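Just so it is clear, the values below take in all heavy atoms, side chains as well, and ignore hydrogens, waters and symmetry mates. Just so it is clear, the structure is predicted and the values come from calculations on it, not from any experiment. Order of the sequence lines sets the chain letters (A, B, ...), proteins ahead of strands, with each chain counted from 1.
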Amino acid sequence: MKKILIAFFLFIPVMFSFAAGSQEKAAPAAEGPVSVDFYTWSDGNDQYSDLFNAFNAANTDVQINPQYIPPADYESKLTTLLAGGMNMDGYMQKRQVDMFAQNANGYIEPLNDLIKKHNFDYSTMKAWSAAIEVDGKVLALPHRGGKYYTYYNVRPFIEKGLPTPTELVNKGEWTWDKFVELSQQVSESDGKTFGSCLYTWGSCQIYPAAQNNVQYIDAKGKVDLNDYALKSVQIRKILEDGLDMPKLVDLKVTKTHYSQVMYSGMAPMLLIGEWFPGMMADGFKKGLVVDSFKPEDFRITRLPSDSPDYYSVGAPTFGHVHSKSKNKDAAFEVLAWFAGNEGAKVEAGLGLLPPVINDDVKAILAENILDKESLKYFTEDVSVRPMLYNKYGSKVEQLVARFTELYLMNQISDADFLPEMRKELQTISDSTD
Amino acid sequence: MKRKSLERVGWPTILSFLLPGFTGFLLFIFIPMISTLGVAFTNYSGGPNWKFIGLRNFQILLTSPQFHQSLKVTLTFAVYTVILQILMGLLFAVLLNQQLRGKTFFRSLFFMPNVLSTVGVSLAFSMICNPALGFANQILAGLGLPGSAWLTSTDTALMSIIIVTLWMSFGYYMIIFLGGLQSINPALYEAASIDGATGFQSFYKVTLPMLSPTMFFAMTISIIGSFKVFDQVFMMTGGSLGGGPAGSTNVVVFDVYLNSFTHYKFGYASAESLILLLIVLAITLIQFRNQKKWVTYDI
């Protein structure tokens with residue numbers, strides 16, 4: 001009897017833990033709009049909350065019940081929520097390569113049937129198909145295009161009598177060597193005012209390599225490296241050593257956000273993604289930008305490129321329908337609205353690059369991007385190569401970041417860089433299921 | 001009479017008292033511990049599609065340069081931290097065990113960092129250690145000394161974290177040693193004095209042996225704590241961006257975090273945790289085994 005009692009009491013907590021995980025019964029259907037729990041990274045007062053509010057204002061049948069997670073914690077909390085079986089209808093993907101692990105675990109609902117059922121015009125998404133399709137399955141719909149650009153403050157270039165990056169693009173001379181040269185020329189080289197900035201993310205160190213289609217590890221697990229992988233970090237080292245670019249480790253350790261680099265006038269040139277015009281608009285509106293930098297001085301053009309065939313790099317930002325959702329149709333409607341013309345207008349108004357570009361969108365973007373040539377380059381139709389975009393992506397990005405730091409600190413030589421990296425890439429490939 | 005009434009208490013009553021504590025232990029300690037052990041032998045990536053892969057995670061770990069580096073960083077951190085924590089804790093305990101004016105104030109002052117949030121302290125020290133604008137380099141400049149790169153160099157990043165850890169924790173060890181010092185029988189010092197022992201001899205022959213159980217406890221706690229370090233590293237060296245320069249501050253627990261929440265390699269991360277557990281366990285067991293040689297309990 002005593003043993004039975006002990007066993008019973010030991011069993012109670014186990015029962016509780018299982019019971020907690022089994023409360024999945026759908027709530028009875030209520031009158032009114034379908035409410036979808038949609039997760040994103042946001043502080044509740046930014047572009048994402050504005051986007052969600054705009055959806056709710058424009059739709060009556062479906063309403064988003066926003067679930068905001070602070071940006072810094074988003075990836076880890078989302079992982080925990082998915083693994084814990086949280087009820088969610090849809091979610092935004094902050095780190096795009098996470099899609100591969102989530103797909104392998106069956107968290108993402110393939111959208112092919114929903115696209116047909118809702119007559120969604122998928123042809124408008126073809127530009128992004130490489131980023132959102134895996135083995136013929138459409139796993140996501142984008143709400144933001146994915147391209148990287150050169151952003152700059154034109155004033156220092158004019159004051160120093162230098163050509164602007166846009167002028168060099170127009171002449172076909174905006175190469176990576178020219179980027180280095182122009183950064184050196186516009187820089188004060190005093191360790192305070194630099195010429196240009198590449199941010200700290202591993203992906204930001206490999207633009208030239210990505211433009212030249214260097215995959216590091218391709219989707220089949222084959223190591224793919226060439227001299228561009230080295231050239232990419234050499235560019236940064238030359239500029240850091242000459243005090244023409246803020247040091248990567250300084251930016252990282254002092255947690256200096258890339259927006260601060262432009263806001264504070266630390267560097268007049270920044271190579272970053274398509275969301276940045278919205279950040280600049282916000283900075284100008286809130287008075288965060290130094291007085292000498294006016295909205296009309298803000299310029300956008302292509303990334304430097306060594307090839308006559310220009311490629312930008314990047315991947316769109318997208319959302320998924322959760323495979324366990326009980327409101328898949330409604331969650332799809334949310335994604336379709338973000339990816340469609342109506343959403344595009346709202347996104348353009350928030351300073352984001354929508355996944356679809358048309359004249360209406362351009363007109364709205366022009367309210368923030370005052371320079372016509374900048375708007376032309378921002379909205380031009382160019383090919384985009386995703387960076388480190390497969391299931392190895394996060395590991396390779398971390399490896400790239402570590403090797404970049406080793407190289408910048410003279411702890412690995414030019415001769416050893418590629419062989420050592422190749423060795424570690426092979427280890428990643430061999431040890432990833 | 002009391003004994004009889006206790007004997008009458010039945011098992012249901014006893015178990016109902018044990019249940020709340022046991023439930024917490026089961027849910028938050030025992031089950032996660034067993035899960036970690038199990039997950040270490042799988043390729044679990046945060047979802048239902050996983051398989052048993054035997055010892056593969058351990059095989060990869062043993063040949064991984066990154067894991068070797070994180071082990072080296074952890075051991076370096078542990079050696080410096082444990083030695084300095086014990087020495088500083090002991091030194092300040094001995095100083096503040098004297099009849100000094102304001103000793104209560106100083107005891108509180110030195111203990112205070114220990115009750116502060118590691119996150120807050122780490123953020124504050126990130127600013128203090130800013131190479132260009134930080135307070136630390138301004139002080140050095142004021143003294144006519146060259147500034148340090150602090151967290152931005154592979155040579156100094158780990159040492160900066162060790163300094164902050166020491167600042168936060170030595171007060172705790174000081175309090176433990178103070179407790180130990182105050183429990184030493186004054187008659188022993190009196191006897192030593194009568195025998196003509198100097199201050200140093202009293203310290204060496206009386207204080208240290210009498211303090212050895214406290215020392216043993218402090219060392220055990222310090223070693224376990226130093227192997228588990230994470231918060232300072234995460235906050236001070238750009239955690240989500242991959243840690244200190246060129247992996248120079250990437251301790252094992254930080255590597256576990258990266259492998260779990262950045263790379264979705266929960267199985268691999270669990271295997272790392274297990275290896276860390278085995279290392280800490282081995283060191284602790286060795287300590288327990290060797291304590292007979294230097295720990296004095298019998299006076």
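Of all heavy-atom pairs spanning B:G247 and A:E405, the tightest one is N-OE1, 4.3 Å. For the residue pair B:G46 and A:A83, the shortest heavy atom distance occurs at O-CB, 3.3 Å. Contact detail for A:S394 and B:H263: the closest heavy-atom pair is OG-ND1, 3.0 Å. Across every non-hydrogen atom of B:S153 and A:M409, the tightest pair is CA-CE, 4.3 Å. Considering all non-hydrogen atoms of both residues, A:Q398 and B:N250 come closest at NE2-ND2, 4.5 Å. Between A:A104 and B:N49, the shortest heavy-atom contact is O-ND2, 2.5 Å.
Applying side-chain contact (heavy atoms from CB on, under 4.5 Å) to B:N130 and the options A:T254, A:D250, A:T256 leaves one that passes, A:T254.
In this structure, the portions of A:K395 lying under 4.5 Å from any heavy atom of chain B include both its backbone and its side chain. For B:P245, the parts lying under 4.5 angstrom from a heavy atom of chain A are both the backbone and the side chain. If you measure heavy-atom distances from A:D73 to chain B, you find no contacts under 4.5 Å at all. Neither the backbone nor the side chain of B:K51 comes within contact range of chain A; no heavy atoms are under 4.5 Å apart. Only the side chain of A:Q102 comes within contact range of chain B, with at least one heavy atom under 4.5 Å from a heavy atom of that chain. Contact annotation for A:T427: neither backbone nor side-chain heavy atoms come within less than 4.5 Å of a heavy atom of chain B. Proximity to chain A (any heavy atom under 4.5 Å) is shown, for B:F25, by neither the backbone nor the side chain. Heavy atoms closer than 4.5 Å to chain A are found in the side chain of B:I60, but not in its backbone. Proximity to chain A is limited to the backbone of B:M236, based on heavy atoms less than 4.5 angstrom apart. Looking at B:F266, the atoms closer than 4.5 Å to chain A (heavy atoms on both sides) all sit in the side chain, from C-beta outward.
Between B:T154 and A:Q411, the closest side-chain pair of non-hydrogen atoms falls below 4.5 Å. Side-chain atoms of B:T262 and A:R95, non-hydrogen and from C-beta on, do get closer than 4.5 Å to each other.
For A:D190, the CG atom sits in a packed shell: over 12 heavy atoms of surrounding residues, nucleotides or ligands are nearer than 6.0 Å. Open room surrounds NZ on B:K228; 12 or fewer heavy atoms of other groups in view lie less than 6.0 Å from it. Under a cut-off of 6.0 angstrom, the local environment of NZ in B:K72 is sparse, with at most 12 non-hydrogen atoms contributed by other residues, nucleotides or ligands. Within 6.0 Å of the CZ atom in B:F58, the count of heavy atoms belonging to other residues, nucleotides or ligands exceeds 12. Enclosure of atom CH2 in A:W275 by more than 12 non-hydrogen atoms of other residues, nucleotides or ligands within 6.0 angstrom is indicated.
Atom OG1 of A:T432 and atom OH of B:Y268 lie 10.0 Å apart (nearest 0.5 Å). Atoms CZ and OG, from B:R56 and A:S431 in turn, are 7.0 Å apart once rounded to the nearest 0.5 Å.
Ranking A:L408, A:V249, A:I412 against chain B, the residue ahead of the rest is A:V249, based on heavy-atom pairs under 4.5 Å. Taking B:S45, B:P48, B:S248 one by one and counting their heavy-atom pairs under 4.5 Å with chain A, the maximum is reached by B:P48.
A:K252 places no side-chain N or O within 3.5 Å of a backbone atom of B:T152 that could act as its donor or acceptor partner.
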